[in-house]
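For reference, the structure is listed below as structure tokens.
Chain identifiers are assigned alphabetically (A, B, ...) following the order of the sequence lines, protein sequences preceding nucleic acid strands; residue numbering begins at 1 within each chain. Values reported hereafter were calculated over all heavy atoms of this structure, with side chains retained and with hydrogens, waters and symmetry mates removed.
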Amino acid sequence: MADTSQKVVTRFAPSPTGFLHIGGARTALFNWLFAKHHGGEFRLRIEDTDRKRSTQEATQAIFDGMEWLGLTSDKEPIFQYARRSRHAEVAEELLKSGHAYHCYCSKEELAEMRDEARKNGSPVSYNGKWRDKSPSEAPKDIKPTVRFKAPKEGQTVIHDLVQGDVITQNDHLDDMILLRADGSPTYMLSVVIDDYDMEISHVIRGDDHLVNAARQAQLIKAIGWELPAYAHIPLIHGADGAKLSKRHGALGVDAYQKMGYLPEAVKNYILRLGWSHGDDEIISEKQAIEWFDTDGLGKSPSRFDFAKLENLNGHYIRDVLSNEELLKTIKPALEKLLGKEINPKEEILLLSSLDEFKTRSKNINDLAASPLFLFAQRPLSIIPKAEKLLNDDAKIIMGKLHNSLSSLNNWTKEDLEQAVKDLSEKENLKLGKLLQPVRAALTGSNVSPSVFEIFIWLGKQETLNRMGDYSSFE
RNA sequence: GGUUCCUUCGUCUAGUGGUUAGGAUGCAGCCCUUUCACGGCUGAGACACGGGUUCAAGUCCCGUAGGAAUCACCA
């Protein structure tokens with residue numbers, strides 16, 4: 001259980017070098033839920049200190065993704081690059097207090113050290129060449145980097161809320177660069193300072209940062225600050241168990257939106273990847289806030305499974321969202337397919353027919369397309385599978401049904417059912433045999449909601465017209 | 001290669017020394033039924049392996065194997 005006697009402040013700190021992928025979305029969700037659960041604050045920080053790789057588009061994609069998921073920052077987002085002078089200032093202090101030093105090694109020299117270290121199985125790649133040299137030996141024509149003078153003895157322990165105590169021997173960690181030769185701060189320095197200045201109490205992030213946590217802890221101790229609490233969550237892998245890549249599942253959240261997944265379903269799905277609350281599967285946001293804590297976090301990595309996401313999406317479509325909400329989300333797509341705006345009369349029809357369509361759709365793109373036949377112009381085009389249903393015999397029978405229905409005074413479900421039943425008995429035909437061709441004529445497909453519902457939705461005139469288009473009259 | 005982490009049905013997971021190892025999803029079958037869904041029921045399916053500790057181990061310890069992360073003047 002996390003210690004939350006202090007005010008809880010969490011953050012999500014992505015670097016704007018690409019879209020907001022599903023792993024990042026989960027990290028953001030966990031931080032957000034943890035803060036909400038403890039009545040604390042959730043903040044967003046854009047780690048854009050790498051000027052070469054950071055882009056405005058990526059920053060916008062992150063904002064958009066967060067908004068789509070409903071994960072809002074409680075304060076204005078922080079841009080790390082804007083705080084670079086503060087970072088440099090702390091590095092200067094470290095230099096003064098003897099916790100940091102100038103290093104004049106060239107990149108080539110460093111690469112050599114790495115190769116050497118790897119060959120010898122040495123745990124550190126930088127050998128500390130400039131660690132104890134006196135400033136008088138410094139070359140005049142080279143701009144130095146500033147390195148952290150890391151402790152050489154003892155060990156650093158991270159009391160991780162997920163992983164337990166993670167012990168790192170200090171002599172396994174080399175002296176990391178704090179300030180680049182151009183004076184810009186590196187990630188290791190920036191995170192530590194920003195987390196402190198933002199008063200972050202709990203750092204929940206991917207366990208790819210677990211090794212970094214030890215280095216950051218050393219730095220924090222050298223500066224003389226308190227450590228935040230850490231929770232390093234296992235990564236999400238692709239369906240084949242390998243690290244998520246663009247080929248399998250590492251899509252931006254916008255891709256999930258385009259595929260027709262609801263943010264509610266995506267959130268519910270990723271919540272259950274690496275976190276659990278007993279056997280609970282379907283968890284509303286309200287419930288998630290109430291239940292979420294670090295003790296429900298698992299230690300093993302998980303794989304992304306579209307089948308389960310799809311199932312959850314279907315659940316949110318048919319059992320959670322109201323028809324009004326559903327119509328609102330499918331409206332843009334539907335109008336685009338229709339090539340026109342939906343009028344109020346059509347809206348009423350959609351609202352009442354959505355109950356039938358929503359049990360048949362796993363994503364909102366399918367849902368948007370499913371009522372299209374209601375608005376189709378005659379004569380309907382028929383898909384091949386339905387075409388087979390409209391053989392000569394079927395057309396004759398449909399002609400008979402057409403005659404019988406056209407004489408109906410009341411266009412109600414009861415009367416329609418009675419009329420269909422009467423004809424099926426008279427002709428000694430199974431209901432399916434009689435109705436499948438009708439379905440084809442009315443919808444152009446072999447699959448649809450109940451034809452009796454469709455009779456009502458279409459109304460008498462349109463029903464008879466559509467049937468008539470594919471009937472033979474004797 | 002060094003370091004660190006992980007390992008329960010295909011997948012997500014429950015499980016904290018004594019359970020017929022539970023749920024979800026997916027899969028198969030049956031029922032419902034005018035098609036397809038939805039819904040209901042049934043079924044197959046897991047403690048990576050080897051040693052310990054213990055009366056008793058999925059649960060604790062040690063190995064082995066497999067997987068992952070990381071080792072940048074990236075974050």
For [X], report the nucleic acid contact type (base, sugar-phosphate, nothing); a contact means any heavy atom under 4.0 Å.
X: Y269(A); result: nothing
X: L431(A); result: sugar-phosphate
X: C103(A); result: nothing
X: H232(A); result: nothing
X: P301(A); result: sugar-phosphate
X: K362(A); result: sugar-phosphate
X: T359(A); result: base
X: G314(A); result: nothing
X: P449(A); result: base
X: S450(A); result: base

Where the side chain of [X] is defined as all heavy atoms beyond and including C-beta, which of [options] is the nearest nucleotide?
X: R303(A); options: rU25(B), rU34(B), rU11(B); result: rU11(B)
X: R439(A); options: rA14(B), rC36(B), rU34(B); result: rU34(B)
X: Q80(A); options: rA75(B), rC5(B), rC73(B); result: rA75(B)
X: N311(A); options: rU7(B), rU25(B), rA69(B); result: rU25(B)
X: T49(A); options: rG1(B), rA75(B), rU7(B); result: rA75(B)
X: T186(A); options: rU35(B), rU3(B), rA75(B); result: rA75(B)
X: M188(A); options: rA75(B), rC73(B), rU4(B); result: rA75(B)
X: R360(A); options: rC36(B), rU4(B), rU35(B); result: rC36(B)
X: D50(A); options: rA69(B), rU34(B), rA75(B); result: rA75(B)
X: T145(A); options: rC73(B), rC38(B), rU4(B); result: rC73(B)

So that I can tick it off, tell me whether [Y] and [X] are bridged by a salt bridge, with the cut-off set at under 4.0 angstrom between side-chain N and carboxylate O.
X: E109(A); Y: K129(A); answer: yes
X: E47(A); Y: R11(A); answer: no
X: D174(A); Y: R215(A); answer: yes
X: K267(A); Y: E264(A); answer: no
X: E462(A); Y: R466(A); answer: yes
X: R83(A); Y: D197(A); answer: yes

Output the rounded distance in Å from [atom1] ([X]) to [atom2] ([N]).
X: D195(A); N: rA75(B); atom1: CG; atom2: C1'; value: 13 Å
X: H277(A); N: rC12(B); atom1: NE2; atom2: P; value: 21 Å
X: R26(A); N: rC12(B); atom1: CZ; atom2: P; value: 11 Å
X: H315(A); N: rG39(B); atom1: NE2; atom2: C1'; value: 14 Å
X: E425(A); N: rU34(B); atom1: CD; atom2: P; value: 13 Å
X: N268(A); N: rU13(B); atom1: CG; atom2: P; value: 13 Å
X: D208(A); N: rU3(B); atom1: CG; atom2: P; value: 20 Å
X: D207(A); N: rC5(B); atom1: CG; atom2: P; value: 11 Å

Open item on the list: Say we look at rC71(B) and rG63(B): how far apart would their C1' atoms be, to the nearest angstrom?
Closed with: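 Rounded to whole Å, the distance is 26 Å.
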Residue-phosphate contact under 4.0 Å: [X] side-chain N/O, [N] OP1/OP2:
X: R318(A); N: rG39(B); result: yes
X: R118(A); N: rC71(B); result: no
X: S448(A); N: rC36(B); result: no
X: K107(A); N: rC73(B); result: no

- [ ] Could you tell me whether the side-chain ring of H209(A) sits stacked on the base of rA75(B), using a centroid cut-off under 5.5 Å and a plane angle under 30°?
- [x] yes
- [ ] Ignoring hydrogens and angles, answer whether the base of rA75(B) and the side-chain atoms of N212(A) contain a donor-acceptor pair closer than 3.5 Å.
- [x] yes
Open item on the list: Test your reading of the model: is there a side-chain donor-acceptor pair from S54(A) to the backbone of D50(A), 3.5 Å cut-off?
Closed with: yes
Open item on the list: Tell me which nucleotide, if any, is Watson-Crick or G-U wobble paired with rA72(B) when both distances must be under 3.5 Å.
Closed with: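 Looking at the geometry, rA72(B) pairs with no nucleotide.
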Open item on the list: I'd like to know whether the aromatic ring centres of F42(A) and F34(A) sit less than 6.0 Å apart in this structure.
Closed with: no
What does the list of N/O pairs under 3.5 Å between the protein and nucleotides 16-23 of chain B look like, with a distance for each?
{"unit_1": "rG22(B)", "atom_1": "N2", "unit_2": "D279(A)", "atom_2": "OD1", "d": "2.5"}
{"unit_1": "rG23(B)", "atom_1": "N2", "unit_2": "E281(A)", "atom_2": "OE2", "d": "2.6"}

Task: Verdict with reasoning, L94(A) to L219(A), per side-chain contact (heavy atoms from CB on, under 4.5 Å) - done: CA-CA 9 Å; L94(A) 252 10; L219(A) 227 197; 3.7 Å; yes
TODO: Nearest-nucleotide wise, let me know which of I167(A) and S361(A) is further upstream toward the 5' end of RNA chain B.
DONE: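 That would be I167(A).
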Task: Most 5' of S302(A) and L210(A) on RNA chain B, judged by nearest nucleotide - done: L210(A)
- [ ] Check the side chains of S353(A) and E356(A) for a donor-acceptor pair under 3.5 angstrom, ignoring hydrogens and angles.
- [x] no
